[in-house]
Number of protein chains: 2
Amino acid sequence: MVRTLSEENYLKAIYALKRKGEEKVSVKIIAIYMGNSPASVVDMLKKLSAKELVNYDKKSGADLSSTGYSAALSIIRKHRLWEVFLCENLGYTWDKVHDIAEQLEHIKSEDLADKLSDYLGNPKFDPHGDPIPDKKGNIPKKDKVLLSKSQLGKSYRVVGVLDASTLFLEYLQKLKVNLGVMIQLEELNAFDGSMLVKINEGESQTVSLKFAQNIWVSPA
Amino acid sequence: MVRTLSEENYLKAIYALKRKGEEKVSVKIIAIYMGNSPASVVDMLKKLSAKELVNYDKKSGADLSSTGYSAALSIIRKHRLWEVFLCENLGYTWDKVHDIAEQLEHIKSEDLADKLSDYLGNPKFDPHGDPIPDKKGNIPKKDKVLLSKSQLGKSYRVVGVLDASTLFLEYLQKLKVNLGVMIQLEELNAFDGSMLVKINEGESQTVSLKFAQNIWVSPA
DNA sequence: AATAAAAATTAGCCTAGACTAATTTTATTG
DNA sequence: CAATAAAATTAGTCTAGGCTAATTTTTATT
């Protein structure tokens, strides 16, 4: 079945909102998330329902059907595979790849995604630490925690970010916090939640609670 | 300036028709080439003229302005770079890459094209033997001739095809005529123009004049 | 339960880019 | 050079996917 760019973006949005933990994916929430008017969302939900990609009723909100879910996963898989390619092979930094991957994810060819995945060595995570579904839709799990929940004194490796905004990613670049960098909590300030962290054997640095709540780390 | 998919495809078409040697790129010719109605072509030519990408008058037909020309070259560059990537890195055969490259060529990022080109070693020709413009728009030249015009008994290397139709490309696969394969004219039949060729040190094979008129070879 | 507020929906409009059918302009040719 | 044929254009329609404004439905609050 042929899917338009716009349809694909709605599927992605519903998937993202569900995974973000929205109890009910309402018209309003989708509209805000996508920056479209509620009227447009209603139209599209009708269209997607007719195509049986989405189940929607006002009461319980929108949800992906099983075909809709596969479609969404396939788009996310492509997005993340292309991000790996852009970073690892073309030398982009992880804060610059999103917009391009946003375009590449819509290239229609499952075979291309499979071949790309093989070429990249079937990576399980993208440069932001997000899991890459395999071709059957299995999503790898990682034992990652937010830096803010990590254990004092223990060594961790940075595996991703929660907030992928350019502002945050650029701040990370400045602090030289890249994917794969070692990081360690040294001191907790009970007053404002700020903390002292050591980055990659360098000097220790004070960061805010908000900062630590947006970095995924994995024991190392 | 933002260009839509459709606009880009018209620019490509005008470029291709010009290069194909059409004296006058008329509404009718564009319509046939793209499979659109003449009415649609007129509409789009108006739009492209307003954007100063195309100069058009009924008398002399359509032509690319200098910005239109750069835009077309940039799309062609991307198309051919992606074809190289698909064949060389992902293992596609040259007869399978066109449709995917047709999508990839519209990814908007000159920087991506540059990085991809570097990654591929700045190739000068795509898998069909067509030249890849560099970032400044210079188009490499190749001393290629059609097999039908090659010298009897001399060794050549296959560098491309004129007719890139699936039918022809599949026929080539069957004959094991791939890019880079050695080929040599052994005998000419004056009656129907058919010829005996040796492919890659294998057995000799009879092919039609039409066949030989659609294969580009380069002395080797 | 009545009312107010919020959410969803409908109605109607817009643009891009197609289309067909009708018309006008240009070219050909007897 | 008038008649015809061909090419270009215009007029009007359609679909996708947006929008605003108005209305209806649902939910919350006195």
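Chain identifiers are assigned alphabetically (A, B, ...) following the order of the sequence lines, protein sequences preceding nucleic acid strands; residue numbering begins at 1 within each chain.
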_Within the 4.0 Å limit for protein heavy atoms, which parts of nucleotides 22-29 of chain D are touched? Write it as a string from 5' to 3', B for base, S for sugar-phosphate only, - for none._
---SSS--

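Remark: B/Lys108 NZ is packed, more than 12 non-hydrogen atoms of other residues, nucleotides or ligands lying under 6.0 Å away. B/Lys24 NZ: more than 12 foreign heavy atoms inside a 6.0 Å radius.
The interatomic distance linking B/Met34 (CE) with C/dC19 (P) rounds to 10 Å, in whole Å. In this structure, CG of B/Asp57 is placed 14 Å from C1' of C/dT25, rounded to the nearest angstrom. To the nearest angstrom, C1' of C/dT9 lies 16 Å from NZ of A/Lys28. Note: CG (A/Leu45) to P (C/dA8) measures 10 Å, nearest angstrom. Regarding A/Met44, its CE atom lies at a distance of 15 Å from the P atom of C/dT9, rounded to whole Å. Residue A/Ile29 contributes atom CD1, which lies 13 Å from atom C1' of C/dA6 at whole-angstrom precision.
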Under 3.5 Å, which protein N or O atoms sit close to an N or O of nucleotides 12-15 of chain D? Give each pair with its distance.
none

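DNA chain C lies under 4.0 Å from no heavy atom of any residue of residues 5-22 of chain A.
Under the 3.5 Å distance criterion, with hydrogens and angles disregarded, a donor-acceptor pair is assigned to the side chains of A/Ser117 and A/Asn122. In summary, the side chains of A/Asp57 and A/Ser60 do present a donor paired with an acceptor at a separation below 3.5 Å, with no hydrogens or angles considered.
Relative ring orientation between B/Phe85 and A/Phe85 is described as tilted, the plane-to-plane angle lying within the 30° to 60° band. Relative ring orientation between B/Trp82 and A/Trp82 is described as perpendicular, the plane-to-plane angle rising above 60° on a 0-90° scale split at 30° and 60°.
Looking at heavy-atom distances under 4.0 Å, B/Gly35 makes contact with sugar-phosphate atoms alone, never a base.
Across C/dT9, D/dG18, D/dA8, the shortest atom-to-atom separation from the side chain of B/Val27 is found for D/dA8.
In this structure, C/dT24 forms a base pair with D/dA7, meeting either the Watson-Crick or the G-U wobble geometry with both donor-acceptor distances under 3.5 Å.
The CG atom of A/Leu112 lies 6.5 Å from the CG atom of B/Leu104; values are rounded to the nearest 0.5 Å. Atom NZ of B/Lys135 and atom CD1 of B/Ile132 lie 14.5 Å apart (nearest 0.5 Å).
Taking 4.0 angstrom as the limit, B/Lys46 places a side-chain polar atom (N or O) nearer than this to OP1 or OP2 of D/dT10. Considering only side-chain N and O atoms, B/Ser37 lies nowhere under 4.0 angstrom from the phosphate OP1 or OP2 of C/dA18. A close approach under 4.0 Å does not occur between any side-chain nitrogen or oxygen of B/Thr4 and OP1 or OP2 of C/dA16.
A pairwise comparison of heavy atoms in A/Phe125 and A/Pro140 identifies CZ-CB, 4.2 Å as the closest pair. Across all their heavy atoms, A/Tyr56 and A/Ala62 have their closest contact at CD1-N, 3.6 Å. Of all heavy-atom pairs between B/Tyr69 and B/Leu64, the closest is N-CB, 3.8 Å.
Of the residues listed (B/Lys78, B/Arg77, B/Arg80, B/Lys12), the one engaging B/Glu105 in a side chain to side chain donor-acceptor pair (under 3.5 Å) is B/Lys12, and it is the only one.
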